[in-house]
Amino acid sequence: MRIKYTIPIVFFLALVIIEKENKIISRVSDKLALKQTPQTPLQPRGFSPLLLKQNVSLSPPSKDFLLMKRRLENYSVHKKVRKPGRKHILLLATTRTGSSFVGEFFNQHGDDMFYLFEPLWHVEKMLALETGGTNATAATKAYRDVLQQLFLCDFSLLESFIDPLPTDHITTSLFRRESSSSLCEESVCGPVIKGVFERYHCRTRRCGPLNLTMASMSCLQKAHSVIKSVRVRQLENLRPLAEDPRLNIRFIQLVRDPRAVLASRMVAFAARYKNWKEWAMGGDVPIDDDEVRKLKSNCDNIRLSAEVGLRQPPWLRGRYMLVRYEDIARFPMRKAAEMYKFSGIPFTPQVKSWILKNTQASKETSGVYSTQKNSSEQVEKWRFSLPFKIAQVVQRVCGPTLKLFGYKFVSSEKMLTNKSVSLIEDKVFKFYRLKQS
Ligand SMILES: *[C@@H]1O[C@H](CO)[C@@H](O)[C@H](O)[C@H]1NC(C)=O
Ligand SMILES: *[C@@H]1O[C@H](CO)[C@@H](O)[C@H](O)[C@H]1NC(C)=O
Ligand SMILES: *[C@@H]1O[C@H](CO)[C@@H](O)[C@H](O)[C@H]1NC(C)=O
Ligand SMILES: *[C@@H]1O[C@H](CO)[C@@H](O)[C@H](O)[C@H]1NC(C)=O
Ligand SMILES: *[C@@H]1O[C@H](CO)[C@@H](O)[C@H](O)[C@H]1NC(C)=O
């Protein structure tokens, strides 16, 4: 104790080093404890194996290390008692495709649903810190492993990506906790702690910091689990999840007209699209520009995933559904019913009433399954904000994607802004349903 006060700087440095080591050790111990999990080859992510080895062998197992091990042992116990016949759905999308809205279709399901909103946010953030976000292999693997564990109600790997690292499974830093009803229900709410954590609460009730052990226990009680993510690049990367017999997983891929996505991004991230605005004013669009390349790569990833899904290879048969945001906006109730049918999860009155409240479905006269003229106007609003020149760029780099999903090309500014021309072709995407169990 004396040293601590006489050499404060050394102590501080030591603390920093210990903290850093603990983080690394914790991730190593994750790997060790999870060795029995099939389809999860255990390799260090993102940092050099040599560095890892040194760090582990140089430091004796700390108290934290032993605690972490015990924690993980307890998580393994939880794994064995999940409900039989449980449904696991992954809602895959990209940003600005309305995935938060569609996620609500499941979040609002009721007491038997465990819904998680963008848990991979933490993984992306941590990998960006550690590797500059450049190691795509590491990200792919981390995303897959975290998703697999979360479907099994095991938060330990996700925990290791939360910054600051949770203590005793308690965290105040879970990204958008309030967007998951299941993390705010009474059994997961936790006592409010006066002072430090007071600002940390849910929308529906005041809760204390999130206790992930409680979250895990609640998850195990639920009949169904849905996770929404905009971070998975390729459906193919998730093949091990589809082949994990414990999960019986189904994928719903949500897509949207890339021109609408870009229009929305240009509003949301105006500064980043300064160049685009200049191009629209008359400048030439350099096709090798970074943002153009990113747009192309996004379009290609979405299309490749959908192509795999629609081709229905044996590992994916009956497990894939493609949904266009435009169809959901126009026929919310009908599309929600279809998604639920595909999922094998009961379409509850709570969901129906949420949809009625949050769309204009309530104004329909012919029951809940008819069209929404107004929503269809809403869904094509981007046509009046996106300059024709930019629409052309999107059509050039995302052509095959537009074609696959049935989004009509525009050949003139007049056509772009002509309300009587719809750019959404009627298109039915065939998918097979597994026999419901
Ligand atoms: C990227 O991650 C993979 C998997 O974790 C690892 O094997 C590889 O060495 C990493 N590459 C770089 C350049 O760090
Ligand atoms: C693990 O579970 C056991 C038995 O329920 C409990 O006594 C122990 O405190 C738990 N360990 C941790 C670190 O939570
Ligand atoms: C977190 O929840 C678990 C399970 O209910 C409980 O045993 C544990 O004491 C809680 N942790 C804290 C710090 O309250
Ligand atoms: C759309 O809704 C607005 C008000 O909510 C209404 O004034 C308008 O007539 C509607 N348009 C159509 C085509 O139904
Ligand atoms: C809009 O499209 C319709 C249908 O193709 C066409 O009849 C009409 O002339 C167009 N309006 C304008 C202003 O171009």
Side-chain angles (χ1 to χ4, degrees), residues 24 27-28 30-31 34 39-53 64 67-68 70-79 81 123-124 126-146 148 153-157 159-162 164-174 177 182-197 200 207-221 233-234 237 240 376-377 380 383-384 388 408-425:
I24 292 168
R27 284 174 208 177
V28 173
D30 282 348
K31 304 293 175 323
L34 296 164
Q39 289 122 359
T40 316
L42 306 161
Q43 283 144 25
R45 263 180 327 257
F47 33 79
S48 138
L50 192 67
L51 177 73
L52 254 168
K53 226 178 191 163
D64 285 0
L67 186 69
M68 187 73 71
R70 263 198 303 143
R71 276 164 48 172
L72 289 164
E73 280 160 14
N74 280 9
Y75 271 115
S76 320
V77 172
H78 289 156
K79 257 189 247 173
V81 291
V123 182
E124 181 180 58
M126 182 64 75
L127 290 177
L129 284 176
E130 279 182 350
T131 70
T134 51
N135 192 333
T137 319
T140 295
K141 189 173 148 22
Y143 289 160
R144 185 179 63 215
D145 292 353
V146 169
Q148 186 172 33
C153 298
D154 182 342
F155 283 80
S156 49
L157 193 53
E159 250 188 68
S160 71
F161 284 100
I162 297 175
L165 192 65
T167 314
D168 294 335
H169 307 300
I170 303 285
T171 181
T172 56
S173 309
L174 192 86
R177 169 193 184 179
S182 10
L183 297 181
C184 286
E185 65 184 33
E186 203 162 352
S187 70
V188 183
C189 184
V192 177
I193 300 168
K194 281 253 177 255
V196 194
F197 298 129
Y200 194 76
C207 294
L210 180 62
N211 180 336
L212 289 163
T213 307
M214 289 185 346
S216 171
M217 285 161 65
S218 165
C219 174
L220 289 164
Q221 300 303 312
R233 295 270 163 277
Q234 293 273 333
N237 296 336
S376 76
E377 267 171 37
E380 297 211 86
R383 294 169 61 178
F384 303 93
F388 175 61
K408 221 176 285 168
F409 287 58
V410 294
S411 51
S412 66
E413 175 136 28
K414 253 198 184 133
M415 184 181 174
L416 177 63
T417 54
N418 185 341
K419 275 187 187 176
S420 43
V421 180
S422 171
L423 300 185
I424 308 159
E425 286 167 10

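No experiment lies behind these values; they were computed from the predicted model shown. All ligand and atom numbering here is 1-based and tracks the order in the structure.
- At a heavy-atom cutoff of 4.0 Å, ligand 3 is contacted by the side chain of N211 but not by its backbone.
- Between F161 and A142, the shortest heavy-atom distance links the atoms CZ-CB, 4.1 Å.
- Residues E185 and S218 are in side-chain contact: their nearest non-hydrogen atoms beyond the backbone lie under 4.5 Å apart.
- Across every non-hydrogen atom of M415 and L423, the tightest pair is CE-CD2, 4.4 Å.
- Panel note: side chain R383, backbone K419; no donor-acceptor pair is recorded below 3.5 Å.
- For the pair I170 and ligand 3, a heavy-atom separation below 4.0 Å is found.
- Applying the side-chain contact (heavy atoms from CB on, under 4.5 Å) test to N211 and every residue at least two apart in sequence or in another chain returns H169, I170, T213, M214.
- Each of the following atoms of ligand 3 lies closer than 4.0 Å to a heavy atom of M217: 4 (C).
- Cys pair C189 and C184 fails the test of SG atoms under 2.5 Å apart.
- Within ligand 3, the atoms closer than 4.0 Å to a non-hydrogen atom of M214 are 2 (O), 4 (C), 5 (O), numbered from 1 in the order shown.
- Residue-level contacts of ligand 5 at the 4.0 Å heavy-atom threshold are K414, N418, S420, V421.
- At least one N or O atom of N135, backbone or side chain, sits closer than 3.5 Å to an N or O atom of ligand 1.
- Judged as a salt bridge (Lys or Arg N to Asp or Glu O under 4.0 Å), and not counting sequence neighbours, R233 has no contacts.
- Residues passing the side-chain contact (heavy atoms from CB on, under 4.5 Å) test with F409, sequence neighbours excluded: Q395, L402.
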